[in-house]
Amino acid sequence: MLPLVPAPRHLTRVADAPGAPVAGDVVVELDPAIGAECYELTTAADAVLVRAGDDAGMLRARATLAQLALAADDGRYPAVRIVDGPRFAYRGFMLDVARHFHPPRTICEILDLMAELKLNHLHLHLSDDQGWRLAIDGRPELTGIGASTQCQGGAGPDGGGYLTREDYRRIQDHAASLAITVVPEIDVPGHTNAVLVSYPELAVDGVTPVPYEGAEVGFSQLDAANEETYRFWTEVVSQLAADTDGPYLHLGGDEALEMTERDFLTFLERAFAIVAATGKTPVAWHEAGRSDAIPAGAVGQYWNFVRPRTASEDRFGIDHADCAGGFPRQGGRLILSPSDAVYLDHREAEGLPGVAWAAGPTPLRASYEWEPSAVLPDVPDDAILGVEAALWTEYLGTREELLELMLPRLAAVAELAWSPAPHTPRRIEDIAPRLAELGRDWQRRGLPFTRSTEVDW
Ligand code: TNX
């Protein structure tokens, strides 16, 4: 056991260990010089000392203490001294509540799991062709007909659902208590069939489409030439910006595959500006990097492969690295979500649930053994804001289905986003014993997870 670091006099003593067994004191100190989300943790026979840069750092230390408690077999923490902090400022998880609606209690449970893994941004995909999921004042049809549908497939009840403004408030409050920022996404100009069903005047031909509950993408669009489209977008964005604590507002921008390039770029220029005018930082999927009107500081989210497909390799002739590069070239940054590594709706292996459109199944190994700084060689390291895993829910209708696909791969992604860049390539063997430890805890708690073959559970 290490000796307890002598406690400076200005420390506060709190009686309870943060959610873990310790016989003596937990001593905590905040010191901004330690850095955002950073902490120093010392455990000894009967006491714990935590020094943290901010409240988030305190919570990250608590997550580490909870993990140390898992490793302790005599009810005590092992003696350690840990000096720790994140590699990436943005470590995210995206949940699609549009294809299948998932209620606030599931979202809050996911927030708890994220905090255990030191993830700090929850991106909620709140609208898509199959449903609109957030109440907007003055736009009742969005949560009427627009929210009444969802994708077919997956277990769970039929029909959609949506978050009230109060639900959204409560989710953000719970997130804030865990030092997690919520990033809301309303996906435009494509992925908008549910909007067009609700407000057909926004469709190019003004014809009301039929509600859509399939799993295809790329067929819908808002009318870029209609002023009504921008009035709609301004109303939605104004409320969402006012209700959102965090700095980001995600506007989608992906897969508007039947829109002309001119309409796409016209729309994006206006949509970006409307978001920026609220003071929020716009975020968009990397196709939006084709725009030359990206506001300074905006963030792109890269979803193509760990090795970006070139124009000649891509089905639609898109040079994905070049597209994504539009953000850093205009003073913005990038979040990396390579689909063949961190799209967790992909099955881990043949025969398991999940899709496989990216590069076939996505084993645990593929989620862990990639290096963020190597994905887009032309993008400087300081333009990489972070990493985000994504869970699309075309076929995931229940909490159990979500968890089974999230775990254990989310833990592997969380570790690569937190830990320092390795000197040698990451190997799944390095993390496997720690995942097994988490797995024993998930099992005790009755959480569904995939028994990946790379881990000796
Ligand atoms: C791609 S890549 C999507 C989603 C789908 C997902 C299914 C991107 C930004 N969008 O619309 O749900 O694949 O894996």
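Indexing begins at 1, ligand by ligand and atom by atom, following the structure's order.
- Side-chain contact between Pro372 and Arg87 is present, with heavy atoms from C-beta onward closer than 4.5 Å.
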(request) Check the pair Tyr199, Leu222 against side chain to side chain contact (heavy atoms under 4.5 Å, CB included), reporting the backbone distance first and the verdict last. (result) CA-CA 10 Å; Tyr199 294 100; Leu222 299 178; over 6 Å; no
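- Inclusion of Tyr343 in the set of residues having an N or O under 3.5 Å from an N or O of ligand 1 is not warranted.
- Few gaps surround CG on Asp137; more than 12 heavy atoms of other groups in view lie less than 6.0 Å from it.
- The contact set between ligand 1 and Asp345, taken as ligand atoms under 4.0 Å from a residue heavy atom, comprises 7 (C), 14 (O).
- For ligand 1, the atoms closer than 4.0 angstrom to any heavy atom of Trp285 are 9 (C).
- A salt bridge links Glu228 to Arg231: at least one charged side-chain nitrogen sits closer than 4.0 Å to a carboxylate oxygen.
- Side-chain contact between Ser452 and Trp457 is present, with at least one heavy-atom pair separated by less than 4.5 Å.
- Among protein heavy atoms, the minimum distance from atom 9 (C) of ligand 1 is reached at Asp254 OD2, 3.2 Å.
- The environment of Arg365 atom CZ is dense: over 12 non-hydrogen atoms of other residues, nucleotides or ligands sit within 6.0 angstrom.
- Close to ligand 1: His191, with a non-hydrogen atom less than 4.0 angstrom away.
- Atom 3 (C) of ligand 1 has its nearest heavy-atom neighbour, among Glu394, His125, Glu185, Glu255, in Glu255.
- Scanning the protein for heavy atoms near atom 11 (O) of ligand 1, the closest one is Arg99 NH2, 3.0 Å.
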